[in-house]
Amino acid sequence: MDVMTTATAPLPLAAPAPRWARRAAHAIAWCAVPSGLWRLAMAFGVPVGYSDQVLRDVFDIPGWGIAYVIGLSVLTELAALLPLLLVSDRWRPLRPRTLTRLAWIASAVLIAFALWQLVVAFTVESRTYMSSETAQTVWAVVFAPLFAVPALMTAVTWSYARRHRGLA
């Protein structure tokens, strides 16, 4: 005779993620693609607006800077895929409340980082490295989608927290 105890009881299922939350999570993943491709182009020697001297002196390219830029691109893309876990119906964390707390922390960090990046983007020093206005415009276009990530992540986190409010 099988007796169901709290140790063997199945985890309660949360409601499926709404369509808008799924779209927001996928948008986060796509927001990181342009800047990642721009960094990879820089690492592989495609002219992206920096002089050879700036690439050597500031970014150490060629050299260890290539590994750094490629690693940063890969880490950014992997981090951008993590919100997909918050809308997945196939993956259920053992501790939804813990994941909710971590997602809220990630949202707050992203907001703070985006604000800091705005300050850095408009400083005189960051503008002096680019060799032309065209290069600066291209840089702004490829990095602009990243500023949507904090708002999208906050929306996805809110959806996840609302769906898992009474669970585990």
Side-chain angles (χ1 to χ4, degrees), residues 2-44 46 48-49 67-123 126 130 134-168:
D2 289 330
V3 176
M4 188 171 291
T5 65
T6 55
T8 60
L11 293 173
L13 293 176
R19 181 176 289 146
W20 65 265
R22 290 180 186 279
R23 287 183 179 164
H26 283 85
I28 292 170
W30 283 106
C31 282
V33 171
S35 60
L37 292 175
W38 184 87
R39 283 190 204 103
L40 290 176
M42 183 172 85
F44 289 115
V46 176
V48 293
Y68 169 75
V69 169
I70 291 173
L72 182 61
S73 296
V74 169
L75 284 174
T76 302
E77 295 299 330
L78 289 174
L81 293 173
L82 288 176
L84 293 173
L85 293 175
L86 298 177
V87 297
S88 174
D89 292 332
R90 296 183 198 126
W91 180 76
R92 291 188 311 170
L94 294 176
R95 300 178 188 265
R97 287 184 187 165
T98 303
L99 185 58
T100 301
R101 287 185 197 110
L102 290 173
W104 280 121
I105 291 168
S107 293
V109 167
L110 285 169
I111 290 168
F113 186 72
L115 292 173
W116 177 70
Q117 285 298 308
L118 280 173
V119 170
V120 169
F122 291 110
T123 62
S126 65
M130 287 288 174
T134 303
Q136 197 170 359
T137 302
V138 170
W139 177 87
V141 167
V142 299
F143 280 90
L146 291 178
F147 289 107
V149 171
L152 292 169
M153 181 63 183
T154 301
V156 170
T157 300
W158 178 80
S159 170
Y160 180 83
R162 198 171 124 229
R163 288 183 294 117
H164 290 82
R165 191 174 312 153
L167 303 178

Side-chain (T76) to main-chain (L72) donor-acceptor, under 3.5 angstrom: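 Indeed, once roles are kept as given, a pair shorter than 3.5 Å links the two residues.
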Closer than 3.5 angstrom, by distance alone: can the side chain of S107 be matched with the main-chain N or O of A103 as a donor-acceptor pair?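 It does hold such a pair.
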Please examine the side chains of [Y] and [X], heavy atoms only from C-beta on, and report whether any two atoms are closer than 4.5 Å.
{"X": "W139", "Y": "V48", "result": "no"}
{"X": "V156", "Y": "Y160", "result": "no"}
{"X": "R39", "Y": "Y68", "result": "no"}

Side-chain polar contacts of residues 23-34 - donor-acceptor pairs under 3.5 angstrom, sequence neighbours left out - could you list them?
{"from": "H26", "atom 1": "ND1", "to": "R22", "atom 2": "O", "distance (Å)": "2.8"}

Roughly how far, to the nearest 0.5 Å, is [atom2] of [Y] from [atom1] of [X]?
{"X": "E77", "Y": "L37", "atom1": "CD", "atom2": "CG", "result": "7.0 Å"}
{"X": "M42", "Y": "I70", "atom1": "CE", "atom2": "CD1", "result": "10.0 Å"}
{"X": "L115", "Y": "L110", "atom1": "CG", "atom2": "CG", "result": "11.0 Å"}
{"X": "L102", "Y": "T157", "atom1": "CG", "atom2": "OG1", "result": "10.0 Å"}

Hits for ring pair (Phe, Tyr, Trp, His ring centres under 6.0 Å) against F113, two or more places apart or cross-chain, chain-then-number order -> W116
Return the minimal non-hydrogen interatomic distance between M153 and L86, and the atom names on each side. CE-CD1, 4.0 Å
Might you point out which heavy atoms bring W104 and A161 nearest each other, and give the distance in Å? NE1-CB, 3.8 Å
Let me check something: any side-chain donor-acceptor pairs from residues 14-21 under 3.5 Å, sequence neighbours excluded? List them with distances.
none

